[in-house]
*Asks:* 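Pasting a structure below so you can have a look.
First listed ligand is number 1; within each ligand, the first listed atom is number 1.
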Amino acid sequence: MPDPHSPAPLSPDALLRLDRAHVWHPYGPMPGREEPLVVESASGVRLRLARPAHGQDELIDGMSSWWSAVHGYRHPVLDEAVRDQLSRMSHVMFGGLTHEPAVRLAARLVEITPEPLRHVFLADSGSVSVEVAVKMCLQYWRSVGRPAKQRLMTWRGGYHGDTWQPMSVCDPEGGMHELWQGALPRQLFVDPPPATYEEEYAEQLRAAVAAHADELAAVIVEPVVQGAGGMRFHAPEYLRVLREACDAHDVLLVFDEIATGFGRTGTLFAAGQAAVSPDVMCLGKALTGGYLTMAATLCTARVADGISRGEVPVLAHGPTFMGNPLAAAVACASINLLLGQDWQQEVKRLEAGLRDGLAPAADLPGVREVRVLGGIGVVQLDGPVDMAAATEAAVREGVWVRPFRDLIYTMPPYVTSDTDLARICRAVTAAAATHGG
Ligand SMILES: *Cc1c(COP(=O)(O)O)cnc(C)c1O
């Protein structure tokens, strides 16, 4: 084994040997079966590899590092925000203490999210923000004297994170969490939302909320785009249907905007496409421009007041790294950077480029559907993707994508140039072509 204590930089070979021996990767076995690419640095939309892969020493990141790096890497404004905060403090506990970056961020989030979201809980990852959202909803009903309202309703095909409560509302089949059926809390699932508005489906939503109102604490959904659960899009009208049904039957509505937030679908938040406000909203991923881990759970005054009137009038949650100043500072800078430019035009540009560039993929054998919304492009195959072959085909084109299940998809950084976007589309198409027919 290479010596990890040696002050000399690890060669890619040494690093990979240590990686294989000790390091667990997402959704992987131990030791890993695939060899990861070693990234040495990243700048703009490009990942620089420590060792060329299939003839490429740089890859355009078609994934924005899982929806997060919307401004690309090493953005001077974001780098400066982190450095500036680092010169003051990188972290202090949030119990009994507060600081400018967290306060500014919370106020900014309230300003830019739909009314009447008013209060902000800063969490350290998306999954934790969903845990907090669920805790808020259950505790609200307990506090106002309706403790039987403990279940969640959602539609199938969703993804809300990997910790326990979020897993319980992920798609129960085909998702990453099938293994845990039986061990997880049993939530209420309705059919996945159709792409277009169907009154029959709206009726199913209304009926499910009505029938289970006595036991439902909340309905939780990803608005407009279901991400890691299948990259599906649905008619925004269903959000209004849910809002009305929840209001009519005393059920809270939670929007998980961890993937869709900060402009990805073409509106700043996907909720804006239906002009609907949730009672609780989760944000994450692009919140810090992909720099540091941070998420937020926002709620209305009604939810917060309800909790505060209860027998236990506090929200018993407090992550060690809550409100981390570095993350909060870069989140503020990232939001200012986004809103300080014509980001809607940039997302429209991506949408047009993805539509043009991915159109040829629709004619490939074994491709079921090509769909594009905002800065999201999806090629769905008629069967499971050969991940190694598809990834290699994209890398040969100089692009990083990470297919899963039957999906090859891209959500490029908003700063991706037209030329680079065209290259991403060629790479996704080449990856889909490996599927064959
Ligand atoms: C990624 C994601 C999560 C989980 O966030 P983590 O930061 O990975 O814990 C939750 N919900 C949605 C919609 C996501 O896309």
*Asks:* Report yes or no: do Y140 and D279 form a side-chain donor-acceptor pair below 3.5 Å?
*Replies:* no

*Asks:* Just to verify, which of S41, S43, S65 counts as forming a side chain to side chain donor-acceptor pair (under 3.5 Å) with Y73?
*Replies:* S65

*Asks:* H91: what forms a ring-ring contact (aromatic ring centres under 6.0 Å, His included) with it, not counting sequence neighbours?
*Replies:* F321

*Asks:* Can you list every protein residue that has a heavy atom under 4.0 Å from any atom of ligand 1, sorted by chain and residue number?
*Replies:* S125, G126, S127, Y159, H160, G161, E222, D256, I258, A259, K285

*Asks:* Identify whether the distance between the nearest side-chain nitrogen and carboxylate oxygen of E351 and K348 falls below 4.0 Å.
*Replies:* no

*Asks:* Heavy atoms only: give me the nearest V399-I424 pair and the separation to one decimal.
*Replies:* CG2-CA, 3.9 Å

*Asks:* Any donor-acceptor pair under 3.5 Å linking the side-chain atoms of D382 with those of H435?
*Replies:* yes

